[in-house]
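Submitted below is the structure of interest, expressed as structure tokens.
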There are 2 protein chains.
Amino acid sequence: MESFQRFGMLTGPGKADEAEENTVMARAPRTDWDPYADGCPSREVLDRIGDKWTVLVLGELAESGTRRYTALRRKLDGVSEKMLTQTLRALERDGLVRRTVHPEVPPRVEYEITELGATLREPLVALKNWSMRHMDEVLEARAAYDRERDTAAQG
Amino acid sequence: MESFQRFGMLTGPGKADEAEENTVMARAPRTDWDPYADGCPSREVLDRIGDKWTVLVLGELAESGTRRYTALRRKLDGVSEKMLTQTLRALERDGLVRRTVHPEVPPRVEYEITELGATLREPLVALKNWSMRHMDEVLEARAAYDRERDTAAQG
DNA sequence: CGGTATCCTAATCGATACTG
DNA sequence: CAGTATCGATTAGGATACCG
């Protein structure tokens with residue numbers, strides 16, 4: 001579990017958010033977390049959900065239970081075949097989505113979210129809730145920043 | 001709030017995770033969320049935290065309270081000046097980090113996390129906790145997938 | 001010290017064409 | 001139907017040099 005040290009940003013002062021591994025990690029020596037260590041689980045999760053389609057695919061499958069390739073493609077309007085396939089393969093490889101090929105003609109391939117994949121919804125919901133609660137503040141801050149920047153550029 | 005419809009993946013069946021806006025959004029008509037709408041708050045958040053340094057900078061500032069530019073640079077070993085500046089500017093613009101220039105010679109610039117920025121820690125912790133709880137399963141799934149792929153390639 | 005400016009590479013993403 | 005393969009555009013990211 002030592003490799004989990006990274007992402008240590010989330011320990012520290014702060015009021016023991018869930019106090020789950022805070023007991024273990026709190027004030028862990030900063031010396032042994034590599035700022036950008038390979039294989040850091042948190043980084044991998046961030047990279048995965050930071051991409052363009054993962055969250056949408058996961059959400060659609062969470063909602064609909066099972067979808068065929070073409071149905072997904074229609075639902076996620078604008079996704080290219082390449083990106084959809086790539087996203088689905090990555091999710092399948094990570095055990096978040098199950099792919100079932102039905103040996104028929106024409107071929108039928110169904111995708112469904114796994115138990116593991118479903119557990120990812122919770123933290124994603126937390127993120128969505130944050131954005132719903134605070135995005136207006138972000139937008140306001142952004143507008144203020146730009147206003148000031150423009151003013152500075154002018155006068 | 002209509003523009004928040006996207007990310008609708010997180011409504012749907014599923015056992016009312018926090019049941020916060022589930023009452024409002026649950027089973028919202030799927031017709032009016034654009035799969036990749038511009039300005040979707042959730043997408044913006046995902047894009048921001050999906051980048052390489054945001055979460056690390058935020059974490060360091062959450063932990064240390066205040067840091068000077070160079071101190072951050074040392075802490076986040078491997079970050080280029082360009083990326084550090086870029087990340088800090090983006091965070092400042094979004095109101096997540098405050099930048100204070102002390103008019104001295106030599107210049108001293110301090111960065112600290114804002115109240116708003118601090119609120120982002122909670123969902124990030126949720127994400128980190130997920131990765132700590134489930135990354136072994138992901139790794140296992142991945143190994144299984146690769147093993148099977150290699151076997152298929154062989155025989 | 002705390003940045004910009006410039007140039008460059010590598011990765012991401014998408015459009016198109018083709019296939020079992 | 002459910003993909004691959006290929007190519008080109010865009011973007012993220014980094015190395016280096018210079019500036020107030």
Side-chain angles (χ1 to χ4, degrees), chain A residues 35-38 43-44 46-57 60-61 66-93 97-112 145 149 152-153, chain B residues 34-38 40 43-57 60-61 66-94 97-112 145 149 152-153:
Chain A
Y36 212 72
D38 290 326
R43 178 79 262 153
E44 296 205 37
L46 288 171
D47 284 347
R48 168 83 61 244
I49 67 171
D51 85 5
K52 205 168 177 180
W53 300 105
T54 295
V55 172
L56 291 176
V57 169
E60 176 57 24
L61 291 179
T66 297
R67 285 272 185 224
R68 296 181 62 174
Y69 183 85
T70 308
L72 276 174
R73 204 155 87 83
R74 266 193 299 266
K75 218 61 178 157
L76 278 47
D77 197 49
V79 70
S80 64
E81 296 179 349
K82 174 185 164 185
M83 290 316 296
L84 181 55
T85 300
Q86 203 170 98
T87 303
L88 286 167
R89 285 292 185 285
L91 288 170
E92 188 199 2
R93 186 168 106 102
V97 158
R98 183 161 30 249
R99 175 174 182 266
T100 310
V101 183
H102 299 272
E104 306 169 2
V105 175
R108 179 165 56 98
V109 179
E110 293 192 313
Y111 294 92
E112 60 182 320
Y145 183 96
R149 185 176 49 74
Chain B
D34 189 303
Y36 212 72
D38 291 326
C40 167
R43 174 44 47 198
E44 295 204 37
V45 171
L46 288 171
D47 284 347
R48 168 85 59 245
I49 68 171
D51 85 6
K52 204 168 176 180
W53 300 105
T54 294
V55 172
L56 290 176
V57 169
E60 177 56 24
L61 291 179
T66 296
R67 285 274 186 221
R68 297 181 61 174
Y69 183 84
T70 308
L72 276 173
R73 205 156 85 82
R74 266 193 299 267
K75 218 62 180 154
L76 277 49
D77 197 50
V79 71
S80 65
E81 297 179 350
K82 173 185 163 184
M83 289 317 295
L84 181 54
T85 300
Q86 201 171 100
T87 303
L88 286 167
R89 285 291 184 285
L91 287 171
E92 188 198 1
R93 186 167 108 101
D94 285 356
V97 158
R98 184 161 30 248
R99 175 175 183 265
T100 311
V101 182
H102 299 272
E104 306 170 1
V105 173
R108 180 163 57 97
V109 180
E110 293 191 314
Y111 294 91
E112 60 183 320
Y145 183 98
R149 186 177 49 73

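Only this structure's heavy atoms are used, side chains among them; waters, hydrogens and symmetry mates stay out. Residue numbers start from 1 in every chain, and the chains themselves are labelled A, B, ... in the order their sequence lines are given, proteins ahead of strands.
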Out of D:dG13, C:dC13, C:dT4, which nucleotide sits closest to the side chain of A:Asp51?
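Among the listed nucleotides, the one closest to the side chain of A:Asp51 is C:dC13.
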
Interatomic distance, A:Leu84 CG vs C:dT12 P [rounded to whole Å]
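Result: 17 Å.
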
Hey, is the side chain of A:Arg89 poking within less than 4.0 Å of OP1 or OP2 on D:dG3, counting only N and O atoms?
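Checking D:dG3 against A:Arg89, a side-chain N or O does come within under 4.0 Å of OP1 or OP2.
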
Could you check B:Thr70 against A:Gln86 and say which one's nearest nucleotide on DNA chain C is further toward the 5' end?
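Nearest nucleotide further toward 5': that of B:Thr70.
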
Side chains of B:Arg89 and A:Tyr145: closer than 4.5 Å at any heavy-atom pair?
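Counting from C-beta outward, B:Arg89 and A:Tyr145 do come under 4.5 Å.
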
Between C1' on C:dG2 and NZ on B:Lys82, what's the gap in Å once rounded to a whole number?
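Interatomic distance, NZ of B:Lys82 to C1' of C:dG2: 17 Å.
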
Close side-chain approach of A:Thr85 and A:Tyr69, heavy atoms under 4.5 Å
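Heavy-atom side-chain distance check passes, below 4.5 Å.
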
Rounded interatomic separation in angstrom, taking CZ from B:Arg43 and P from C:dC13
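The answer, rounded to whole Å, is 9 Å.
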
Do A:Thr87 and A:Lys52 make a side-chain contact, defined as non-hydrogen atoms from C-beta onward lying under 4.5 Å apart?
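SC-SC contact between A:Thr87 and A:Lys52 ruled out.
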
Among B:Leu61, B:Val79, B:Val109, whose side-chain contact (heavy atoms from CB on, under 4.5 Å) with B:Leu72 holds?
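Testing B:Leu72 for a side-chain contact (heavy atoms from CB on, under 4.5 Å) against B:Leu61, B:Val79, B:Val109 leaves exactly one candidate, B:Leu61.
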
In whole Å, I'd like the distance from the CG atom of B:Leu88 to the P atom of C:dG3.
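Interatomic distance, CG of B:Leu88 to P of C:dG3: 8 Å.
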
What does A:Arg108 touch in the nucleic acid at a heavy-atom separation under 4.0 angstrom: a base, only the sugar-phosphate, or nothing?
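A:Arg108: backbone/sugar contact only, no base atoms under 4.0 Å.
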
Would you check if B:Leu91 and B:Arg99 make a side-chain contact, meaning some heavy-atom pair closer than 4.5 Å?
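No - every pair of side-chain heavy atoms lies 4.5 Å or more apart.
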
Round to the nearest Å and state the distance from B:Asp77 atom CG to D:dG14 atom C1'.
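From B:Asp77 CG to D:dG14 C1': 14 Å.
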
Let me spell it out: for each of A:Pro107 and A:Ser80, pick the nucleotide of DNA chain C with the closest heavy atom. Which residue's pick is nearer the 5' end?
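Closer to the 5' end of DNA chain C: A:Ser80.
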
Output the single nucleotide from C:dC13, D:dC1, C:dG3 whose closest atom is nearest the side chain of A:Arg68.
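So the side chain of A:Arg68 is nearest to D:dC1.
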
Integer-rounded Å distance: C:dC1 P and B:Tyr111 OH
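Value for this atom pair: 14 Å.
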
Between P on C:dA15 and CZ on A:Arg73, what's the gap in Å once rounded to a whole number?
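One finds 11 Å between P of C:dA15 and CZ of A:Arg73, rounded.
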
Let me know the distance between CG of B:Asp47 and P of D:dG13, rounded to the nearest Å.
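One finds 11 Å between P of D:dG13 and CG of B:Asp47, rounded.
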
A:Arg99 side chain near D:dG3 phosphate (N/O to OP1/OP2, under 4.0 Å):
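Checking A:Arg99 against D:dG3: at least one side-chain N or O falls below 4.0 Å of OP1 or OP2.
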
